[in-house]
Amino acid sequence: MVSLSILLKEAAQVGHQSSLLVKSLLNGSESEFDLTLETVIGLHGYSARRFTLSGLGHHLESSGFNVRLINYDFWNRIDKTTSDLINPVDDITQKIGRKVKLLGHSQGGILSIDIAQQRPDLVQTVIALGPPLRGTQTAYLN
């Protein structure tokens with residue numbers, strides 16, 4: 001049986017994380033890139049937005065990476081979404097002067113792989129977390 005104190009502690013932690021998330025979303029400002037650090041670009045999964053990767057993004061930043069989490073229109077076809085994402089990835093590589101690491105969850109993993117295949121000049125590494133390489137039931141609904 002879960003004690004009330006554990007539940008209250010977890011609720012306080014969720015509330016704190018949510019307030020940080022709301023502040024970052026409302027401010028909308030991104031810090032400048034530290035050109036001495038590697039850069040990771042995070043791509044969320046289907047029917048999600050970039051805030052779903054915010055915990056991982058904060059961890060990577062505290063571990064010494066530049067991090068950018070990019071929203072994209074998940075309802076579009078993969079080929080259109082990939083072509084739409086190549087421009088911001090290219091802009092970031094131009095800004096930092098070197099290739100980036102792409103980290104994608106679910107559909108974001110598929111997009112990361114696709115971007116790397118189309119533009120290997122932009123991507124150093126792909127980290128795909130649970131990409132549905134054989135499709136999903138949800139994909140058939142779209």
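Everything quoted here is computed from the prediction, not taken from an experiment.
- The distance from atom CD1 of I78 to atom OG1 of T81, rounded to the nearest 0.5 Å, is 5.5 Å.
- Rounding to the nearest 0.5 Å places CD1 of I41 at 8.5 Å from CG of L122.
- To the nearest 0.5 angstrom, L133 atom CG is 5.5 Å from I113 atom CD1.
- Considering only residues two or more places apart in sequence or on other chains, L56 meets the side-chain contact (heavy atoms from CB on, under 4.5 Å) condition with L60, L103, L129.
- With a 4.5 Å cut-off on side-chain heavy atoms, P131 and S106 do not count as touching.
- Every side chain to side chain donor-acceptor pair (under 3.5 Å) that T36 has, sequence neighbours left out, goes to D34.
- Hydrophobic clustering keeps V40 apart from L37 (ILVMFWY residues linked when any side-chain heavy atoms are closer than 4.5 Å, directly or through intermediates).
- Two residues are said to be in side-chain contact when any heavy atoms from C-beta on lie closer than 4.5 Å; H105 and L53 meet this criterion.
- Residues meeting the salt bridge (charged side-chain N to carboxylate O under 4.0 Å, His left out) test with R49, sequence neighbours left out: none.
- Taking the centre and axis of the six-membered ring of Y72, the NZ or CZ atom of R50 falls outside the cone set by 45° and 6.0 Å.
- For the pair T93 and D90, the tightest heavy-atom approach, listed with the atom from each and the gap, is OG1-O, 2.8 Å.
- With sequence neighbours excluded, the residues that form a side-chain contact (heavy atoms from CB on, under 4.5 Å) with D73 are W75, N76.
- For the atom pair OG of S112 and CD of Q107, the computed distance is 10.5 Å after rounding to the nearest 0.5 Å.
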task = Evaluate the side-chain contact (heavy atoms from CB on, under 4.5 Å) criterion for residues F51 and N71: first the C-alpha distance (whole Å), next the side-chain angles of each, then the deciding distance (0.1 Å), finally the verdict.
result = CA-CA 9 Å; F51 72 85; N71 281 327; over 6 Å; no
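- The CG atom of L43 sits 11.5 Å away from atom CD1 of I127, with the distance rounded to the nearest 0.5 Å.
- Shown here are the side chain to side chain donor-acceptor pair (under 3.5 Å) partners of T82, two or more places apart in sequence or in another chain: D114.
- Residues L69 and H44 fail the side-chain proximity criterion, which asks for heavy atoms closer than 4.5 Å.
- Applying the side chain to side chain donor-acceptor pair (under 3.5 Å) rule to K80 yields the partners D84; only residues at least two apart in sequence or on another chain are considered.
- Looking at residues two or more places apart in sequence or on another chain, you find a side-chain contact (heavy atoms from CB on, under 4.5 Å) between P88 and I70.
- The side chain to side chain donor-acceptor pair (under 3.5 Å) check on T39 picks up N66, with sequence neighbours excluded.
- Residue pairs meeting the salt bridge (charged side-chain N to carboxylate O under 4.0 Å, His left out) criterion with at least one member in residues 118-127, sequence neighbours excluded: R119-D121.
- The main-chain N or O of V89 is never found under 3.5 Å from a side-chain atom of R68 such that the two would form a donor-acceptor pair.
- Checked against side-chain contact (heavy atoms from CB on, under 4.5 Å), K99 has the following partners two or more places apart in sequence or in another chain: Q124.
- With sequence neighbours excluded, the residues forming a salt bridge (charged side-chain N to carboxylate O under 4.0 Å, His left out) with D79 are R77, listed by chain and number.
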